[in-house]
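The next block holds one structure in the form of structure tokens; read it before the comments.
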Amino acid sequence: MARTRAILIWAMLTAAVGVPLVVAAQSPLLAWRQPVYIAAGLSGVAALALLLVQPLLAGGYLPGLPPRRGRRVHRAVGVLLIGAVALHIAGLWITSPPDMIDAMTFAAPTAFSHLGVIAMWALSTAGLLALLRPRLSARAWRAGHSTAVGIAVGASAGHALLIDGTMGPLSKATLCLLAVAATGRVLIGLRVWRLVQRRTP
Amino acid sequence: MLTATPSRRLLLAAGSAALATGAAGLVVPARAAGLPPTRSMRGGSNNYRPGAPIVSRIGSGGFLMTGTVRRAGDGAPLPGQRIQIWAHTTEGHERDPHSHGATLTDANGVFRMEMPQIVPAFGQAHGHLAFDSEGFETVFLRPVMSSPRDTRLSADFVLQPV
């Protein structure tokens, strides 16, 4: 039973991550884009997919990756995620510098640009806190990383959903929903608010 | 109890009617002062290339960009005004020189440009238009297509004399 369950969970995760990537890689829009723009877009899709993997690793929800081992992988995937976002931004910058300057300065006409930049800063904060973790109190670490991650996932989902791009609408909506649900579930499961709550008796 | 529903509906209807009247009332004085000039849209000037050549059409066509050019205040149509157009299309990126072209308005202040199909880029299927000639203030527009399958797009200019 446990084995069947494990296979099922991994199969579902592979589909949730793989299907949006395959759909995006077959988008007709790619025919009219330069390689650097295509790479930038797909890096964004990959980053979105990793946002679903991250909470599952942190919470130890994946079979074969219990919390301690899961978190080691979580750290490695975190580096990968930040790398994917960096490629996404760099590729878009090369494709159209004025559009990226507008986005970064919150001067773009599109709401998804604002959400994307908010997600970028939140994700950078989450990563920076992970680097500084040895110097942080348990309370500061938990409150900070959880808050930053919550903002990053929420803003990323909004960013992706508002974009008319290479992702398929159905696989995109499913991936966003799963990432938000998994992040919420893990934050609640870890009872991240408890350390913050104890401070105020 | 039954009277609660119609009365709430009545209240909503009366309320929105009052709001609509208020909004219309606000519009009237602006109209009395004359046709206001079109403001540049955010991001309108992105990937602009000054001095795009006047062309009979951009690329091999298939998509139609249209619009009007009028003078602020009296709304008079402005003939012979140069409008520059560019977009991400099936034939090139916004930055490519061959994605850019200019056209002149006719006697009725109307312009039409055949261009390749616009495809979504940077999250939206959109076009860019510019007026940056002498006599009127520069305006950059960035209209968005309601569907990426649309085969035409329009944008209107109301120019402020300088």
Side-chain angles (χ1 to χ4, degrees), chain A residues 24 27-45 48 88-117 119-120 155-169 172 176, chain B residues 38-50 52 58-63 84-100 115-130 132 138-151 153 155:
Chain A
S27 166
L29 291 183
L30 298 180
W32 308 302
R33 294 185 178 197
Q34 306 148 303
V36 68
Y37 190 10
I38 294 172
L42 289 178
S43 303
V45 182
L48 189 65
H88 181 59
I89 293 165
L92 291 178
W93 199 297
I94 293 166
T95 303
S96 185
D99 283 313
M100 282 312 273
I101 291 167
D102 279 357
M104 292 294 179
T105 55
F106 292 98
T110 42
F112 63 77
S113 309
H114 305 330
L115 288 172
V117 175
M120 176 197 77
S156 295
H159 172 71
L161 289 171
L162 288 174
I163 286 176
D164 191 359
T166 57
M167 291 190 83
K172 176 165 71 175
C176 289
Chain B
T38 310
R39 302 235 169 269
S40 280
M41 295 178 179
R42 280 202 282 178
S45 65
N46 288 356
N47 295 315
Y48 166 64
R49 298 177 71 93
I58 300 172
S60 46
F63 184 94
Q84 299 182 54
I85 296 164
W86 69 101
H88 183 110
T89 71
T90 52
E91 292 178 20
H93 187 267
E94 272 180 20
R95 285 165 86 186
D96 299 337
H98 67 259
S99 298
H100 292 243
M115 58 190 290
Q117 175 68 39
I118 295 180
V119 288
F122 269 75
Q124 285 180 329
H126 66 278
H128 291 269
L129 300 98
D132 72 341
T138 298
V139 177
F140 287 102
L141 300 183
R142 184 190 177 279
V144 175
M145 283 152 65
S146 49
S147 158
R149 283 177 296 278
D150 288 353
T151 54
L153 184 60

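Every chain is numbered from 1 and lettered A, B, ... according to where its sequence line falls, protein lines coming before strand lines.
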Just wondering, do [Y] and [X] contact through their side chains at under 4.5 Å, heavy atoms?
{"X": "A:Leu161", "Y": "A:Lys172", "result": "yes"}
{"X": "A:His159", "Y": "A:Met120", "result": "no"}
{"X": "B:Arg142", "Y": "A:Pro109", "result": "yes"}
{"X": "B:Arg49", "Y": "B:Ser99", "result": "no"}
{"X": "B:Pro116", "Y": "B:Ile58", "result": "yes"}

Part of B:Gln124 lying under 4.5 Å from any heavy atom of chain A: both
Engaged part of B:Ala125 at the chain A interface, taking heavy atoms whose separation is under 4.5 Å: neither
Per-residue contacts, residues 85-92 of chain B versus chain A, heavy atoms under 4.5 Å: B:His88, B:Thr89, B:Thr90
Listed once per pair and sorted, the side chain to side chain donor-acceptor pair (under 3.5 Å) pairs that draw on residues 96-113 of chain A, sequence neighbours left out: A:Ser96-A:Asp99, A:Ser96-B:Asn47, A:Asp99-B:Asn46, A:Asp102-B:Asn46, A:Thr110-A:Ser113
Portion of A:Ile101 that has a non-hydrogen atom of chain B nearer than 4.5 angstrom: neither
Ring centre gap for B:Phe122 and A:Tyr37 strictly below 6.0 Å: yes
